[in-house]
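Mind having a look at this structure? Questions to follow.
Letters A, B, ... mirror the listed sequences (proteins, then strands); counts begin at 1.
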Amino acid sequence: MNYNSKAIEKKWQNIWSEKRCFKAHENSDKEKLYTLIEFPYPSGNGLHVGHARPYTAMDIVSRKKRMQGYNVLFPMGWDAFGLPTENYAIAKKIHPAKVTEENIKGFKAQINALGYSFDWDREISTTDPEYYKWTQWIFLQLYKRGLAYKATMPVNWCTSCKCVLANEEVVDNACERCGSSVVRKEKSQWMLKITEYAQRLIDDLDEVDYLERVKLQQKNWIGRSTGVEVDFQTTESDIIRVFTTRPDTLFGSTYMVISPEHKLLTKWESKLENNNEIKAYQEKAAAKSDFERTELNKEKTGVELKGIKAINPVNGQMIPIYISDYVLATYGTGAIMAVPGHDERDWAFAKAFGLPIIEVVKGGDISQAPYTDTQSGIMVNSGFLDGLDVSEAKEKITRWLSEKGIGFEKVNFKLRDWVFSRQRYWGEPIPIVHCEKCGYVAVDESELPLILPEVESYETTETGESPLAQIKDWVNTKCPQCGGKAERETDTMPQWAGSSWYFLRYMDPHNDKELVSKRAVEYWNRVDWYNGGMEHTTLHLLYSRFWHKFLYDIGVVPTVEPYAKRTSHGMILGEDGQKMSKSRGNVVNPTEVIERYGADTMRMYIMFIGDFEKTAPWSSEAVKGCRRFLERVWNLSLKAKTGKGENCSEINEASIHRTIKKVGEDIDAMKFNTAIAALMTLVNVFYEKGAERGDIKTLLLLLSPFAPHIADELWEQLGFKGLASMQPWPAYDESKMTESTKTIAVQVNGKLKTTIDVKTDSEDNAVIMAAISDEKISKLLKTSDLTKSIVVRNKLINLILKPKNLDN
RNA sequence: GCCGGUGUGGCGGAAUAGGCAGACGCCCGGGACUUAAAAUCCCGUGUGAGGCAACUCACGUACCGGUUCGAUCCCGGUCACCGGCACCA
């Protein structure tokens with residue numbers, strides 16, 4: 001009988017599904033384990049091999065943990081709101097809901113063909129009103145607690161999507177999704193106060209098990225920096241407040257710079273002698289995109305404010321004030337004290353404008369370059385700070401400033417609030433109405449879900465208004481507060497909304513009273529192991545941590561962090577080593593691979609391809625190796641079919657126990673490639689030494705998480721009871737793993753000369769004797785003296801030889 | 001520029017509390033089976049030199065240097081590539 005993967009796979013997928021083999025229960029006395037993969041966006045392009053890698057990995061983990069006796073929750077759903085669907089719907093004139101439904105159907109079929117052990121009874125979709133009801137509910141809670149607010153500000157506007165983007169969605173000044181250019185646009189937007197959680201988002205990273213580089217990337221993105229806010233008097237009655245991390249260099253501040261958007265400029269309009277010049281500069285700066293503003297960062301531009309000066313608080317010196325676009329309105333106070341001797345940017349600006357550069361920290365040559373070291377240097381030209389080192393100076397000046405009441409310690413973050421509105425159709429409607437009298441008013445919770453209305457055209461508008469704005473009978477409504485005339489918010493939520501809490505819904509997916517019941521959330525607690533892409537580190541991962549902390553604050557969830565452990569997979573590249581893309585024509589379709597070799601082969605190869613965390617190029621040749629391996633397992637197993645034994649044979653015992661240990665440990669450490677290599681090695685041993693039914697039994701159990709279909713099929717063929725997938729994971733016995741003799745290396749002066757076999761755990765002396773009596777070594781000893789020997793038990797012996805002195 | 005990571009055969013990749021470099025797989029070569037081929041099974045396969053031969057010697061983990069009986073692993077320096085951030089005061 002040949003290995004017919006297609007028939008076998010269909011058969012077992014049906015059995016698993018009918019028997020509800022992978023259903024998770026809340027009323028189990030087993031230990032719970034919640035494993036999670038990032039739910040996909042069901043695009044029209046279908047499943048990608050990039051999906052198969054993390055899904056297979058977590059499926060292997062989940063299957064193995066189930067076999068180890070855990071009550072595993074491994075769910076699946078759809079992150080189905082979003083632009084590609086909407087764009088496709090516009091192009092094909094089909095409703096996005098219809099497109100979504102079709103895409104989910106296709107995706108589900110492809111995913112099922114891979115034999116994943118998802119609990120499909122918990123399937124969810126973010127576009128389901130029963131689901132987005134709770135997304136809207138969370139928004140209302142945020143709004144009620146002042147964490148959602150509307151603000152007019154310059155935002156990132158994608159020229160192609162005709163939609164605003166969050167800062168996190170802008171990559172290299174282009175739209176993260178479509179790559180089109182992003183421009184600044186003044187718009188009124190709903191914002192979420194993620195900045196309020198900045199410190200906690202950093203602190204709580206200490207409590208979770210994430211990849212170190214993920215933690216680091218989040219910390220860098222949040223960008224905490226500690227410094228001092230200092231007030232500078234001016235020749236007007238106003239003060240200019242600046243933020244600095246280098247208060248120690250205050251004596252070196254020879255001028256100030258404020259951003260072109262600084263509010264004092266309006267106030268000072270009548271006092272300034274060169275208003276026209278300033279206005280012109282402001283206009284030029286405003287017209288520049290962020291791209292231009294940062295791209296030209298070598299050349300500093302600016303305009304001095306004529307008629308007003310500032311006073312350096314430490315030495316009373318009158319210093320000029322400039323506006324320049326190198327100072328950002330959105331960070332700190334939008335104003336800086338410039339210390340050209342010790343800051344790159346200030347130095348460049350001072351050079352360009354001929355401003356004085358004073359050395360206040362000794363250590364470099366400031367005529368050549370600014371000295372920016374923050375660790376070492378002695379203060380000079382700094383009055384009462386002279387002679388101190390920088391850290392002492394920092395302390396002293398900070399104390400001095402606060403005693404004078406003109407400067408206080410302050411923490412700043414790079415993180416900005418989350419721009420939450422999108423001017424598109426296919427998203428959750430924001431449940432807010434605007435009343436002429438009452439202003440913004442929350443829709444009553446009893447009205448949720450606020451259903452996304454049917455609309456004739458979901459085309460974006462050139463004015464940047466949401467398509468929903470065109471549906472007048474939906475937009476015009478009554479104010480929930482005063483009953484007067486009011487209009488609904490027509491923007492929708494970003495795609496990140498639905499994915500910021502979906503893992504909670506899996507705990508209790510059909511609850512129509514609550515987002516999640518207390519009982520369910522207390523049982524499942526939080527996600528134990530979440531695997532996902534590195535590209536979501538500053539998007540989904542940060543956003544969902546924020547929402548979870550908020551839900552903790554309002555008592556919905558019992559944990560401050562949503563995910564106990566986070567791992568990430570590397571990308572699968574095309575056969576040419578390039579990123580897979582349609583235009584390059586190097587895309588591998590998983591369904592075609594399954595068609596040709598079977599799902600088990602696909603699963604094996606995608607895990608065998610290389611280190612799970614690293615990128616790896618696809619190889620259509622190497623896939624065959626995995627199919628060949630499964631064929632070998634198949635043939636070997638059927639040969640052993642006639643046997644009766646259940647226990648492993650003595651001859652294979654050591655190999656089997658070693659493999660059980662290796663495969664188990666490797667799965668836990670996500671070293672799937674070496675786990676598979678160990679299985680291959682075991683099969684090679686079986687081919688060499690022969691294998692009995694009992695040997696095959698363990699092999700099938702170890703293989704089951706990786707290639708579950710063939711494992712269950714052979715399990716049945718060999719007449720074992722139940723399903724391989726549902727058996728306990730095999731145990732190993734350390735004492736059965738070691739052999740009676742060891743082959744150890746014999747080195748002479750650190751170089752390998754030969755190997756010898758000695759009894760396991762032999763005494764050092766016995767090893768030395770065995771080594772020097774070796775033919776090759778004894779030959780060398782005729783011309784040399786043994787001066788020293790180093791024995792590493794069961795591994796190696798190193799003999800240090802010196803040539804004999806033939807003179808005596 | 002700053003932060004993080006990586007660099008090993010023809011290829012994907014193994015092995016680091018310092019201890020036989022190249023597991024496992026692909027490709028390639030040889031053999032068995034077959035009328036023949038495919039498939040399968042067995043053997044070989046880092047590079048160079050020598051030998052009829054079992055074999056012997058030298059070199060080899062990006063590059064240069066150090067520590068050590070012994071370094072892919074630790075230390076110092078250099079180069080290349082990848083990812084993130086980037087006028088954040």
Item to check | Main-chain N/O of A:Leu781 paired to A:Ser784 side chain as donor or acceptor, under 3.5 Å | outcome: no
Heavy atoms under 4.0 Å, any strand shown: does A:Ile790 hit a base, just sugar-phosphate, or nothing? base
Checklist line | Plane angle bin for A:Phe353 and A:Phe349 - parallel if under 30°, tilted between 30 and 60°, otherwise perpendicular | finding: parallel
Rounded to whole Å, CG of A:Leu752 lies from P of B:rG60 at a distance of 15 Å
Checking B:rA89, B:rC20, B:rG13 against the side chain of A:Ala616 (C-beta onward), the nearest is B:rG13
note: A:Gln217, atom CD; B:rC82, atom C1'; distance rounded to Å ~ 13 Å
Hey, is the main chain of A:Ala393 close enough, under 3.5 Å, to the side chain of A:Asp248 for a donor-acceptor pair? no
Side-chain contact check for A:Asn798: nearest option of B:rA89, B:rC69, B:rC87 is B:rC69
Would you indicate, yes or no, if B:rC41 has its OP1 or OP2 atom less than 4.0 angstrom from a side-chain nitrogen or oxygen of A:Tyr687? yes
query: Looking only at side-chain N and O atoms, does A:Tyr331 come under 4.0 Å of OP1 or OP2 in B:rA89?
result: yes
RNA chain B nearest-nucleotide lookup for A:Thr755 and A:Ile800: closer to the 5′ end is A:Thr755
Glycosidic torsion of B:rG60 (syn if within 90° of 0, anti otherwise) classifies it as anti
Relative to the ring of A:Phe612, is the ring of A:His569 parallel (under 30°), tilted (30 to 60°) or perpendicular (over 60°)?
tilted
Out of B:rG19, B:rU56, B:rG13, minimum distance to the side chain of A:Lys776 belongs to B:rU56
- Message: Between A:Ser253 and A:Leu250 (side chain of the first, backbone of the second, donor and acceptor by atom type, cut-off under 3.5 Å), is there such a pair?
- Response: no
- Message: Categorize A:Ile609 for me: base, sugar-phosphate, or nothing, with a 4.0 angstrom heavy-atom threshold over every strand shown.
- Response: sugar-phosphate
Taken to the nearest whole Å, CG/A:Leu542 to P/B:rC85 is 12 Å
Assess, by modelled atom type and distance only, whether the side chains of A:Trp221 and A:Glu168 contain a donor and an acceptor separated by less than 3.5 Å. yes
Atom pairs, N/O to N/O, protein against nucleotides 2-9 of chain B, distance under 3.5 Å?
none

A:Lys753 NZ to B:rA58 P, in whole Å, measures 5 Å
Writing each nucleotide of RNA chain B 5' to 3' as (, ), [, ], | or . by Watson-Crick or G-U pairing under 3.5 Å yields (((((((..(((......[....))).(((((.......))))).(((((....)))))..(((((..]....))))))))))))....
To the nearest angstrom, the OH-C1' distance between A:Tyr3 and B:rA39 comes to 16 Å
Quiz item: Are any side-chain N or O atoms of A:Lys742 and backbone N or O atoms of A:Thr760, one a donor and one an acceptor, separated by less than 3.5 Å?
Solution: no
Touch check for A:Asn635, heavy atoms < 4.0 angstrom, all strands: base, sugar-phosphate only, or nothing?
-> nothing
Item checked: Between B:rG18 and B:rC27 - P atom distance, rounded Å -> 37 Å
Looking at A:Phe232, does the NZ or CZ of A:Arg241 lie under 6.0 angstrom from its six-membered ring centre and within 45 degrees of the ring axis? no
Remember a base hit wins even if backbone is also touched, and classify A:Lys671 as base, sugar-phosphate or nothing at under 4.0 Å, heavy atoms.
-> sugar-phosphate
Closest heavy-atom pair, A:Ile606 versus A:Ala52, reported as atoms and distance to 0.1 Å, is CG2-O, 4.2 Å
Among the nucleotides B:rC20, B:rG13, B:rC87, whichever has the atom closest to the side chain of A:Pro617 is B:rG13
When rounded to the nearest 0.5 Å, the distance separating CE of A:Met680 from CZ of A:Arg628 is 10.0 Å
Nearest-Å distance once atom C1' is located in both B:rC81 and B:rC63: 15 Å
The nucleotide from B:rA89, B:rC87, B:rC85 with an atom nearest the side chain of A:Lys414 is B:rC85
Between B:rA17 and B:rG1 - P atom distance, rounded Å: 35 Å
* Asked: Can you find a side chain N or O atom of A:Ser225 that sits less than 4.0 Å from OP1 or OP2 on B:rA89?
  -> yes
Check your understanding: Looking only at atom P, what distance separates B:rG13 and B:rU8, rounded to whole Å?
Key -> 9 Å
Test item: A:His342 side-chain N/O and A:Tyr371 main-chain N/O as donor-acceptor pair under 3.5 Å:
yes
- Task: Could you tell me whether a side-chain N or O of A:Asp325 sits under 3.5 Å from a main-chain N or O of A:Ala285, the two making a donor and an acceptor?
- Result: no
(request) Select base, sugar-phosphate, or nothing to describe what A:Thr615 touches, counting heavy atoms under 4.0 Å on all strands. (result) sugar-phosphate
Whole-Å distance, A:Leu541 CG to B:rG84 P, equals 16 Å
Nucleotide N/O of nucleotides 23-27 of chain B paired with protein N/O under 3.5 Å:
| unit_1 | atom_1 | unit_2 | atom_2 | d |
| --- | --- | --- | --- | --- |
| B:rG25 | OP1 | A:Asn684 | ND2 | 3.2 |
| B:rC26 | OP1 | A:Arg628 | NH1 | 2.5 |
| B:rC27 | OP1 | A:Glu621 | OE1 | 3.4 |

Taken to the nearest whole Å, CD/A:Glu775 to P/B:rU56 is 10 Å
Quiz item: OP1 or OP2 of B:rC59 less than 4.0 angstrom from a side-chain nitrogen or oxygen of A:Lys751, does that happen here?
Solution: yes
Considering every strand and a 4.0 Å limit on heavy-atom distances, what is the contact class for A:Arg224: base, sugar-phosphate, or nothing?
nothing
Evaluate the salt bridge (charged side-chain N to carboxylate O under 4.0 Å, His left out) criterion for residues A:Lys776 and A:Asp774: first the C-alpha distance (whole Å), next the side-chain angles of each, then the deciding distance (0.1 Å), finally the verdict. CA-CA 6 Å; A:Lys776 218 182 221 178; A:Asp774 178 85; over 6 Å; no
Rounded to the nearest 0.5 angstrom, the CG-CG distance for A:Asn673 and A:Asp666 is 8.0 Å
Here the distance between atom C1' of B:rC11 and atom OH of A:Tyr605, to the nearest Å, is 10 Å
